[in-house]
Amino acid sequence: MTGIDNSNISQWIDRFLFGETSLQEEKELYAFFNRCDLSPEAEKYREMFSWYASLSSSHTEKEEDLITHPETLMSRHDERNKVRLLHLRSWQWISVAAMVALLLSVGFIFHSPEDIPDDYLSYQGSYIIRDGKKITDLRVVVPEIIRTQKMVDDRLLSLDNSLMEADNAFNRAVAESYDMSDPAVKEIVEATLSY
């Protein structure tokens, strides 16, 4: 794609947001949004691209260091994967194994899915995002779903009541504008309003 300027910035932003830009193109975008002469359309995105640029600079240095010095990555990997075993006698290992088995058994007993009410299980797989964190615990998710559903139901009920009041007001206004003492007129008006 050609260079970035105020005339084609919307295409560049779209490509960036859809993940179609290369690292070099992203650096060009960050540099573009660092300029003073941005169009009003581009000015809206300045803060966002400044934030992305700050992320890019901190991670790029680390990535470039690992690319130029891969042995650093390997040494870090080796250090993390070392396992140090305690020198225990066989009867001590048996007691350790018994304790682990006991702890796992107790954990499975107290962390059984029966803690979750049966009516919550139909929401399995649901989640909410709170403070940027994905929460999948049904004991948290289901009450939030129920609270949201009640809020929606209350608003729909309020809307229904408003529409019913408007409909009744319209019917009264129509009835008042005609001579309802005449049975023929009354029958036609009532038939029309009863739709």
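In terms of the side-chain hydrogen bond (donor to acceptor under 3.5 Å, both in side chains) criterion, Arg155 has no residue partners (sequence neighbours excluded). With sequence neighbours left out, Asp154 forms a salt bridge (charged side-chain N to carboxylate O under 4.0 Å, His left out) with Lys150. Applying the ring pair (Phe, Tyr, Trp, His ring centres under 6.0 Å) test to Phe32 and every residue at least two apart in sequence or in another chain returns nothing. For Thr136, the side-chain contact (heavy atoms from CB on, under 4.5 Å) partners at least two apart in sequence or on another chain are Tyr127, Lys134. For Ile146, the side-chain contact (heavy atoms from CB on, under 4.5 Å) partners at least two apart in sequence or on another chain are Val142. Not counting sequence neighbours, the partners of Ser50 by the side-chain contact (heavy atoms from CB on, under 4.5 Å) test are Arg46. With sequence neighbours left out, the side-chain contact (heavy atoms from CB on, under 4.5 Å) criterion links Ser22 to Gln24, Glu25. Applying the ring pair (Phe, Tyr, Trp, His ring centres under 6.0 Å) criterion to Tyr45, with sequence neighbours excluded, gives no partner residue. Under the salt bridge (charged side-chain N to carboxylate O under 4.0 Å, His left out) criterion, Arg130 pairs with Glu144, sequence neighbours left out. Taking the salt bridge (charged side-chain N to carboxylate O under 4.0 Å, His left out) definition, one finds that Asp160 meets it with nothing, sequence neighbours left out.
Residue Trp91 is not grouped with residue Met99 when hydrophobic side chains (ILVMFWY) are merged at heavy-atom distances under 4.5 angstrom, including chains of intermediate members.
Nearest heavy atoms, Leu29 versus Phe49: CD1-CE2, 4.0 Å.
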Expected list for residues 180-189: side-chain donor-acceptor pairs under 3.5 angstrom, two or more places apart:
unit_1 : atom_1 : unit_2 : atom_2 : d
Ser181 : OG     : Asp179 : OD1    : 2.6
Ser181 : OG     : Asp179 : OD2    : 3.3
Asp182 : OD1    : Ala184 : N      : 3.4

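When ring centroids are compared, Tyr52 and Phe33 stay outside the 6.0 Å threshold.
Side chains of Ile9 and Ile4 form a contact here, defined as non-hydrogen atoms less than 4.5 Å apart.
Among residues at least two apart or in separate chains, salt bridge (Lys or Arg N to Asp or Glu O under 4.0 Å) pairs with a member in residues 32-42 are Arg35-Asp37.
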Test side chain to side chain contact (heavy atoms under 4.5 Å, CB included) applied to Ile129 and Ile135, step by step: CA-CA 6 Å; Ile129 305 291; Ile135 300 172; over 6 Å; no
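For CE of Met151, the number of neighbouring non-hydrogen atoms (other residues, nucleotides, ligands) closer than 6.0 Å is greater than 12.
Atom CH2 in Trp12 sits 10.0 Å away from atom CG in Asp5 (nearest 0.5 Å).
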